[in-house]
Colleague: 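Could you have a look at this structure, given as structure tokens, before my questions?
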There are 2 protein chains.
Amino acid sequence: MQRKSFDTMQCPIARSLERVGEWWSILILRDCFQGLTRFDEFEKSLGIAPNMLTRRLNNLIEAGLLDRRQYRERPPRFEYVLTDRARDFQPVLVALLVWGNKHFAPEGASVVIVNRETGERADPILVDRASGLPLSDPIFTTTAGPAADAEIRGRYCPTGPEEMSPD
Amino acid sequence: MQRKSFDTMQCPIARSLERVGEWWSILILRDCFQGLTRFDEFEKSLGIAPNMLTRRLNNLIEAGLLDRRQYRERPPRFEYVLTDRARDFQPVLVALLVWGNKHFAPEGASVVIVNRETGERADPILVDRASGLPLSDPIFTTTAGPAADAEIRGRYCPTGPEEMSPD
DNA sequence: CTCAGTTGCTTTCATCATGAAAGCGATATA
DNA sequence: TATATCGCTTTCATGATGAAAGCAACTGAG
């Protein structure tokens with residue numbers, strides 16, 4: 001039974017998940033950020049079945065997140081490298097790491113982000129670039145943007161001048 | 001064939017994904033952040049099969065991300081509300097939204113975060129709380145933390161004093 | 001030279017996940 | 001009374017999944 005696609009949704013979160021939301025995909029990207037490039041490296045790091053790894057790598061290539069680069073002719077051998085688009089995924093990984101360290105690490109932080117020069121541990125926080133205010137501030141709200149379709153507008157303006165049922 | 005658990009991994013990202021990494025789970029959390037609480041609301045919003053929704057809701061409850069609250073006795077009826085742990089997931093959602101708007105929205109931003117008072121659109125960025133430096137700065141690096149086990153240490157210090165093979 | 005090991009996949013197979021659809025019990029409304 | 005709605009549960013056929021075997025090509029040791 002094929003998984004239902006999120007691609008019919010306009011929500012940007014849904015669109016992101018359409019490309020990275022399968023089991024294993026985000027962990028593969030994590031490993032790419034760690035510098036792994038080869039099939040056997042991913043396989044060893046993740047303990048993933050080869051057929052699943054092949055499948056996920058191909059989907060990430062299809063999504064424009066990985067490039068496949070031949071590093072050997074005989075036999076043909078490829079490595080997998082992050083695209084610029086994938087590099088912009090880093091904040092998601094950082095946010096997952098912070099959340100995991102806070103809530104699912106009773107033994108303490110096993111992975112941290114540090115300042116190379118001072119050795120100090122970083123404490124990541126999401127802020128608004130212009131005002132410097134943390135995004136957790138109640139002053140911020142999520143709403144329909146300029147390109148929103150009827151469904152998204154209905155979602156975020158349910159009591160607006162035109163009552164729309166989400167569909 | 002049961003999906004392979006990430007719970008044997010110490011990586012905080014893997015631990016986060018163990019709890020939210022199934023198809024639909026993050027979108028359910030998105031909807032909870034939007035104020036949806038009832039079964040039929042999620043069902044309508046997502047277009048998800050009822051048996052899958054039940055399953056995912058139960059897994060999110062099990063993971064301590066949702067609480068089930070009875071709002072009616074006859075028949076027994078429940079709504080689903082975010083726990084504090086789940087509220088801390090917001091930065092992940094924001095990061096996914098920003099990434100999706102940038103890379104997968106040729107028509108422009110359909111969902112945005114705005115300042116309620118000024119109406120100005122927020123531009124989220126991940127910074128280090130202490131120094132204010134963006135996490136994308138090359139000065140930052142990811143490394144093994146104080147609670148790291150041998151596998152994680154091998155992952156992040158492959159050329160350290162003790163060469164360890166990741167396992 | 002042969003043989004064994006390694007790499008990077010592909011193929012096979014049995015089991016579980018998945019979504020569509022029907023079903024159920026309880027309630028509310030006409 | 002009948003019909004609609006809600007919140008699930010059950011059924012069923014199809015695709016995903018992981019374990020394991022397989023394959024071709026290479027490398028290195030004896």
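Residue numbering restarts at 1 for every chain, and letters A, B, ... go by the order of the sequence lines.
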Colleague: What residues form a salt bridge (Lys or Arg N to Asp or Glu O under 4.0 Å) with E107(B), not counting sequence neighbours?
Modeller: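 By the salt bridge (Lys or Arg N to Asp or Glu O under 4.0 Å) rule, E107(B) matches R15(A).
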
Colleague: Rounded to the nearest Å, what distance is computed from the CZ atom of residue R3(A) to the C1' atom of nucleotide dA13(D)?
Modeller: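 Going from R3(A) (CZ) to dA13(D) (C1'), I get 17 Å.
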
Colleague: Please report, rounded to the nearest Å, how far the P atom of dT17(D) is from the CZ atom of F6(B).
Modeller: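 Between P of dT17(D) and CZ of F6(B): 11 Å.
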
Colleague: From C-beta outward on D40(A), which listed nucleotide comes closest to its side chain: dT7(C), dC8(D), dT18(C)?
Modeller: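 It is dT7(C).
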
Colleague: Mind checking what makes side-chain hydrogen bond (donor to acceptor under 3.5 Å, both in side chains) contact with K4(A), not counting sequence neighbours?
Modeller: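 Checked K4(A) against side-chain hydrogen bond (donor to acceptor under 3.5 Å, both in side chains); zero matches.
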
Colleague: Let me know the distance between CD of Q2(B) and P of dG15(D), rounded to the nearest Å.
Modeller: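 Taking atom P of dG15(D) as the reference, CD of Q2(B) is at 22 Å.
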
Colleague: Does E18(B) have any side-chain hydrogen bond (donor to acceptor under 3.5 Å, both in side chains) partners at least two apart in sequence or in another chain, and if so, which?
Modeller: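 S5(B).
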
Colleague: Within the structure shown, what part of the strands sits under 4.0 Å from F42(A) by heavy-atom distance: base, sugar-phosphate, or nothing?
Modeller: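 No contact.
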
Colleague: Specify the residue among R55(B) and Y80(A) whose closest nucleotide of DNA chain C lies further upstream toward the 5′ end.
Modeller: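 Whichever sits nearer the 5' end wins; that is Y80(A).
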
Colleague: Please write out the pairs of protein N or O atoms and N or O atoms of nucleotides 19-24 of chain D separated by less than 3.5 Å, giving the distance to one decimal.
Modeller:
unit_1	atom_1	unit_2	atom_2	d
dA19(D)	N6	N51(A)	ND2	3.1

Colleague: Grab the CG-C1' distance between L53(B) and dG7(D) for me, whole Å please.
Modeller: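 Result: 10 Å.
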
Colleague: Counting only side-chain heavy atoms from C-beta out, which of dC9(C), dG8(C), dG19(C) sits nearest to W24(B)?
Modeller: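 Closest nucleotide to the W24(B) side chain: dG19(C).
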
Colleague: For nucleotides 26-28 of chain D, give me every protein contact, N/O to N/O, under 3.5 Å, one pair per line with atom names.
Modeller:
unit_1	atom_1	unit_2	atom_2	d
dC26(D)	OP1	R74(A)	NE	2.8
dC26(D)	OP1	R74(A)	NH2	3.0
dC26(D)	OP2	R74(A)	NH2	3.1

Colleague: Test of understanding: with side chain to side chain contact (heavy atoms under 4.5 Å, CB included), list the residues that count as partners of D149(B), not counting sequence neighbours.
Modeller: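 Q10(B), E151(B), I152(B).
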
Colleague: Return each pair, listed once, that meets ring pair (Phe, Tyr, Trp, His ring centres under 6.0 Å) where at least one residue sits in residues 22-56 of chain B; pairs must be two or more places apart or across chains.
Modeller: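 Residue pairs with at least one partner in residues 22-56 of chain B: F6(A)-W23(B), F6(A)-W24(B).
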
Colleague: Atom CZ of F78(B) and atom P of dA26(C): how far apart are they, to the nearest Å?
Modeller: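 Roughly 15 Å, once rounded to whole Å.
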
Colleague: Find which nucleotide of DNA chain D each of R68(B) and R56(A) is nearest to by heavy atoms, and output the residue with the more 5' nucleotide.
Modeller: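 Its nearest nucleotide lies further toward 5', so the answer is R68(B).
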
Colleague: Y71(A) side chain N/O closer than 4.0 Å to the phosphate oxygens (OP1, OP2) of dT7(C)?
Modeller: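 No, because none of the side-chain N or O atoms of Y71(A) sits under 4.0 Å from OP1 or OP2 of dT7(C).
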
Colleague: Could you list all the ring pair (Phe, Tyr, Trp, His ring centres under 6.0 Å) pairs where at least one residue sits in residues 50-86 of chain B, not counting sequence neighbours?
Modeller: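 Those involving residues 50-86 of chain B do not exist here.
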
Colleague: Between atom CG of D31(A) and atom CG of L46(A), what is the distance when rounded to the nearest 0.5 Å?
Modeller: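 Here the rounded value is 4.5 Å.
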
Colleague: Hey, any chance L29(B) and Y156(A) share a hydrophobic cluster, counting ILVMFWY side chains that come within less than 4.5 Å of each other, even indirectly?
Modeller: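 Yes, same cluster.
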
Colleague: Could you state the CZ-C1' distance from R38(A) to dT6(C), rounded to the nearest angstrom?
Modeller: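 The distance from CZ of R38(A) to C1' of dT6(C) comes to 13 Å, rounded to the nearest Å.
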
Colleague: Sequence neighbours excluded and cut-off under 3.5 Å, please list the side-chain donor-acceptor pairs for residues 122-136 of chain A, or say none.
Modeller:
unit_1	atom_1	unit_2	atom_2	d
D123(A)	OD2	R129(B)	NE	2.7
D128(A)	OD1	D123(B)	N	2.9
D128(A)	OD2	S131(A)	N	3.3
D128(A)	OD2	S131(A)	OG	2.8
R129(A)	NE	D123(B)	OD2	2.7
S131(A)	OG	L133(A)	N	3.3

Colleague: To the nearest Å, how far apart are E43(A) CD and dT10(C) C1'?
Modeller: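 After rounding, the reported distance stands at 12 Å.
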
Colleague: With sequence neighbours excluded, give me every salt bridge (charged side-chain N to carboxylate O under 4.0 Å, His left out) pair touching residues 57-73 of chain B.
Modeller: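 Matches after skipping sequence neighbours: R69(B)-E79(B).
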
Colleague: Test of understanding: with salt bridge (Lys or Arg N to Asp or Glu O under 4.0 Å), list the residues that count as partners of R30(B), not counting sequence neighbours.
Modeller: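 Salt bridge (Lys or Arg N to Asp or Glu O under 4.0 Å) check on R30(B) returns nothing, list empty.
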
Colleague: When you measure from every atom of DNA chain C, which of residues 28-36 of chain A have a heavy atom less than 4.0 Å away?
Modeller: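 The answer is none.
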
Colleague: Do F104(A) and V112(A) share a hydrophobic cluster, counting only Ile, Leu, Val, Met, Phe, Trp and Tyr and linking them when any side-chain heavy atoms are less than 4.5 Å apart?
Modeller: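 As far as the 4.5 Å side-chain criterion goes, V112(A) and F104(A) are not connected within one cluster.
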
Colleague: Would you kindly give the CE-to-C1' distance between M52(B) and dG7(D), to the nearest whole Å?
Modeller: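 My rounded result for the distance is 17 Å.
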
